[in-house]
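If you're wondering where the values come from, they're calculated on a predicted model, not measured in any experiment. When reading the values below, keep in mind they use all heavy atoms of this one structure, side chains included, and skip hydrogens, waters and symmetry mates.
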Amino acid sequence: MSPFGLVFTLFGLVLGLALAAVLNGFSRALKLKRGARPVRIGWPTPLLGLVVMLDLTSFWLLAFDAREQISANYVTLLSVLAMVGVYYLAATLIFPDTPEDWPDFDEWYDKQNRLVIGGLLTANVASWVGGVVLDTVHPRPEVVEPVGNGLVVLVYLVGGFGVLGLLIALLLVKGRRANAAMLAGVCGLLVVSGVMEPFV
């Protein structure tokens, strides 16, 4: 097994559990919405779930792109566990464990959103710092850049910094409509950054 294979086993397991937690929350919410005692789901909670799933997918791709730089040692495994552990904890807080006790999911969102968004912000900053550390300790081989991709790089960087900016704003803004609009913005920026990333 390659060093990356060993690290990615732990990485994939915990991230897979995080994705399953979000999807399970969506499933339970939909069942309740159609049940005998329907709940009000609103927009912020599902959008937060979508943000987490998109961010997890982006993080997964970033890890795969760094596969030649990752070595298998205790420090690497602890670092990976810390980052993906934050994602897992954030994912488990999006939907209530007993959704039938929350007739309005917006109230649950109001109580949990800062923990989830703070976790996402922490994981994103940690992944950027981790990327800088990897580039310093195990630099990638020099690659000749194709001519004319400066606009793609700019869009990618604006998307990445835009996500961080909106996550910080989400920690400060309390209005539900503003939260929903910013979460939709984060979703859009994550999709744009994810699509552009292979061309950077």
* Between Gly85 and Val14, what is the shortest heavy-atom contact and its length? -> N-CG1, 4.3 Å
* So do Asp55 and Tyr87 actually touch side chain to side chain, heavy atoms under 4.5 Å? -> yes
* Distance in Å, Glu107 CD paired with Thr45 OG1, rounded so as to fall on 0.5 Å steps -> 10.5 Å
* What residues form a side-chain contact (heavy atoms from CB on, under 4.5 Å) with Leu89, not counting sequence neighbours? -> none
* To do: Check whether Leu151 and Leu157 end up in the same hydrophobic cluster, where Ile, Leu, Val, Met, Phe, Trp and Tyr are linked by side-chain heavy atoms less than 4.5 Å apart.
  => yes
* Asked: Got a donor-acceptor contact below 3.5 angstrom from the Arg28 side chain to the Asp97 backbone?
  -> yes
* Asked: Could you go step by step and tell me if Thr76 and Asn73 meet the side-chain hydrogen bond (donor to acceptor under 3.5 Å, both in side chains) rule?
  -> CA-CA 5 Å; Thr76 301; Asn73 57 51; 2.9 Å; yes
* Asked: Should Val86 and Leu17 be regarded as members of a common hydrophobic cluster, given that ILVMFWY residues are connected when their side-chain heavy atoms come within less than 4.5 Å of each other, either directly or indirectly?
  -> no
* To do: Find out if a path of hydrophobic residues (ILVMFWY) with successive side-chain heavy-atom gaps under 4.5 Å connects Leu77 to Leu62.
  => yes
* Asked: Okay, side chain of Trp102, backbone of Arg40: is any donor-acceptor separation there less than 3.5 Å?
  -> no
* Structure fact -> All heavy atoms of Gly49 vs all of Val22, minimum pair found to be O-CG1, 3.6 Å
* To do: Answer with yes or no after comparing the ring centroid distance for Phe59 and Phe11 against a 6.0 Å cut-off, counting only values under it.
  => yes
* Excluding sequence neighbours, so at least two apart, what forms side-chain contact (heavy atoms from CB on, under 4.5 Å) with Leu167? -> Ile117, Leu120, Leu121, Asn124, Val163, Leu170
* NZ/NE/NH1/NH2 to OD/OE distance under 4.0 Å, Asp110 and Arg176 -> yes
* Structure fact -> Residues Pro44 and Asp106: closest non-hydrogen pair is CD-OD1, 3.3 Å
* Quick one: does Phe105's side chain get under 4.5 Å of Pro96's, heavy atoms only? -> yes
* **For the student: nearest non-hydrogen atoms of Ala66 and Leu134, plus distance** => CB-CD1, 4.0 Å
* **Contact list for residues 109-140, test ring-ring contact (aromatic ring centres under 6.0 Å, His included), sequence neighbours left out** => Trp128-Phe161
* To do: Verify, without hydrogens or angle tests, whether Thr122 (side chain) and Gly118 (backbone) share a donor-acceptor contact under 3.5 angstrom.
  => yes
* **Asn179 side chain vs Val173 backbone, donor-acceptor pair below 3.5 Å** => yes
* Structure fact -> d(Leu47 CG, Met182 CE) to nearest 0.5 Å is 11.5 Å
* Thr136 side chain vs Val132 backbone, donor-acceptor pair below 3.5 Å -> yes
* Above 12 or not: heavy atoms from other molecules or residues under 6.0 Å from CH2 of Trp60? -> yes
